[in-house]
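From a predicted model like this one, the values you see are computed outputs, not experimental measurements. Chain A is the first sequence line, chain B the second, and so forth, proteins listed ahead of strands; every chain is numbered from 1. Side chains included, hydrogens not; waters and symmetry mates left out as well; all remaining heavy atoms used.
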2 protein chains.
Amino acid sequence: MDYEQAYALNRALRTIGMRHRLLAATELNRLGLSIGQESLIMELAKQGPRTQAQLATAAGCEPPTITSAVQKLEALGLVSRHPSTEDRRATVVELTTEGEALLEGLSAAWIHLAESTVAGLSRTRVEDLIEALADLAASLETASRDLDPRRLT
Amino acid sequence: MDYEQAYALNRALRTIGMRHRLLAATELNRLGLSIGQESLIMELAKQGPRTQAQLATAAGCEPPTITSAVQKLEALGLVSRHPSTEDRRATVVELTTEGEALLEGLSAAWIHLAESTVAGLSRTRVEDLIEALADLAASLETASRDLDPRRLT
DNA sequence: TTGATATAGTTAGATGCCTAACTATATCAA
DNA sequence: TTGATATAGTTAGGCATCTAACTATATCAA
């Protein structure tokens with residue numbers, strides 16, 4: 001790849017990351033949440049109670065990030081934590097009734113975020129974009145996994 | 001847009017942002033840099049001496065982020081700062097000889113980053129991807145600008 | 001000329017993410 | 001059974017980014 005292409009690609013990805021995160025934070029703030037918390041809530045809604053290790057894998061972030069996020073969600077009353085009966089090292093997290101009450105608003109916010117994100121597209125179809133982004137996300141997962149010998153699975 | 005599409009889009013963008021940033025940080029660490037600094041160095045290389053306000057606009061981040069990044073680059077000896085002769089509020093930043101000496105390695109690192117990023121694509125052509133990402137970046141810029149009344153230009 | 005407003009930059013403080021280092025528990029082979 | 005190793009979670013500390021609030025200088029209209 002030549003430098004011009006590389007520059008355009010990296011620059012677009014930096015912009016996209018920062019701007020989408022900013023828009024997401026704005027949507028979530030309206031619900032009293034901050035970024036990252038939504039991925040845990042959605043995962044718990046979809047899968048039911050999960051250990052923190054499972055949440056880390058699902059959210060694609062490291063255990064300390066989960067520790068901190070779960071503590072904040074617990075303080076908000078949106079999740080509860082209890083020790084696993086099967087593995088005494090593990091902590092199981094689950095949505096509270098209050099947490100479940102947030103789901104509807106969260107879905108709406110997430111749709112609104114996605115619509116704002118693509119509202120200004122001028123020459124790309126949304127379905128094509130989603131397809132390309134899923135492919136890219138998978139490629140980047142592979143590249144990151146190769147980076148870190150701990151994550152060889 | 002339905003929820004499934006919105007979820008797929010937002011999730012892919014979150015993953016892409018985090019993973020590309022991680023890979024970028026790894027490349028930059030090899031050069032003794034951290035993330036964000038490269039965008040300032042590249043802008044100074046391309047445009048010549050710039051005020052911090054110009055750098056903020058070019059990098060797409062807020063003035064305090066520039067203050068901090070420029071201070072670190074100055075401590076590393078890669079840029080120098082001097083008051084503008086035209087506007088006594090402004091500070092002009094420029095690359096030092098040591099900063100210029102980094103450019104070659106930085107270009108190589110940026111090409112390597114882009115190649116790792118797309119290495120695992122299975123069904124998307126690189127040129128199509130870059131085109132779609134540029135379109136998306138522009139769309140997100142518009143959406144963010146609309147968000148913040150201060151940035152009405 | 002002055003007074004209101006806008007702009008350049010900094011400081012302070014917050015957030016989410018990371019790595020490194022640690023404790024406690026599990027697992028598996030000798 | 002025991003000893004090495006792997007895994008679950010936490011704590012401490014660092015990074016880039018943000019917003020809010022501030023100082024100093026510019027600009028422009030009354």
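- Of the options L73(B), V92(B), V93(B), a side chain to side chain contact (heavy atoms under 4.5 Å, CB included) to R81(B) is made by V93(B) and by none of the others.
- Annotation: side chain of W110(B) is in contact with side chain of L28(B) (closest heavy-atom distance under 4.5 Å).
- The side-chain contact (heavy atoms from CB on, under 4.5 Å) check on T57(A) picks up nothing, with sequence neighbours excluded.
- Side-chain proximity of P64(A) to the nucleotides dT11(D), dG9(D), dC18(D) is greatest for dT11(D).
- A search for salt bridge (Lys or Arg N to Asp or Glu O under 4.0 Å) contacts involving E27(B) returns R30(B), not counting sequence neighbours.
- To the nearest angstrom, C1' of dT7(C) lies 14 Å from CD of E62(B).
- Contact check of residues 76-89 of chain B against DNA chain C (heavy atom, cut-off under 4.0 Å) returns R81(B), R89(B).
- Per the geometry, CG belonging to L55(A) stands 9 Å off P belonging to dG9(D), to the nearest Å.
- Looking only at side-chain heavy atoms (C-beta outward), L102(A) and L31(A) come within less than 4.5 Å of each other.
- Out of dA8(C), dG9(D), dC18(C), the shortest distance to the side chain of T67(A) is found at dG9(D).
- Every side-chain contact (heavy atoms from CB on, under 4.5 Å) that A45(A) has, sequence neighbours left out, goes to L95(A), L103(A).
- When the side-chain hydrogen bond (donor to acceptor under 3.5 Å, both in side chains) test is applied to D87(B), the partners found at least two apart in sequence or on another chain are R89(B).
- For residues 90-101 of chain B, the side-chain hydrogen bond (donor to acceptor under 3.5 Å, both in side chains) pairs, not counting sequence neighbours, are H82(B)-E94(B).
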Practice item. For the pair L22(B) and L140(A), evaluate side chain to side chain contact (heavy atoms under 4.5 Å, CB included) and give the outcome as yes or no after the intermediate values. Key: CA-CA 10 Å; L22(B) 180 65; L140(A) 280 163; over 6 Å; no
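- Pairs engaging residues 109-128 of chain A under the salt bridge (charged side-chain N to carboxylate O under 4.0 Å, His left out) rule: R123(A)-E131(B), R123(A)-D135(B), R125(A)-E127(A), R125(A)-D128(A) [sequence neighbours left out].
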Between the protein and nucleotides 13-16 of chain D, list every N/O to N/O distance that falls short of 3.5 Å.
unit_1	atom_1	unit_2	atom_2	d
dA16(D)	OP1	S34(B)	OG	2.2
dA16(D)	OP2	K72(B)	NZ	2.6
dA16(D)	O4'	R21(B)	NH2	3.3

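- Between Q71(A) atom CD and dA12(D) atom P there is a gap of 11 Å when expressed in whole angstrom units.
- Q47(B) meets the side-chain hydrogen bond (donor to acceptor under 3.5 Å, both in side chains) test with no other residue; sequence neighbours excluded.
- Of the residues in residues 39-53 of chain B, those with a non-hydrogen atom less than 4.0 angstrom from any atom of DNA chain C are T51(B), Q52(B), A53(B).
- Counting heavy atoms from C-beta on, the side chains of K72(B) and L78(B) never come closer than 4.5 Å.
- Following rounding to the nearest Å, R19(A) (CZ) and dT17(D) (C1') show an atom-to-atom distance of 11 Å.
- The nucleotide whose nearest atom lies closest to any side-chain atom of M18(A) is, among dT19(D), dT17(D), dT11(D), dT17(D).
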Revision key, fill the gap. Applying the Watson-Crick and G-U criteria (both distances under 3.5 angstrom) with [ ] for crossing and | for other-strand pairs, one obtains for DNA chain D ||||||||||||||||||||||||||||||
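- In this structure, CG of L23(B) is placed 13 Å from P of dC18(C), rounded to the nearest angstrom.
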Practice item. Report the C-alpha distance between T15(A) and L136(B) in whole Å, list the side-chain angles of each, state the deciding distance to 0.1 Å, and finish with yes or no for side chain to side chain contact (heavy atoms under 4.5 Å, CB included). Key: CA-CA 9 Å; T15(A) 300; L136(B) 178 59; over 6 Å; no
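- For residues 42-54 of chain A, no residue pair satisfies the salt bridge (charged side-chain N to carboxylate O under 4.0 Å, His left out) rule, not counting sequence neighbours.
- Comparing dG9(C), dT10(D), dC18(D) by their closest approach to the side chain of T91(B) singles out dG9(C).
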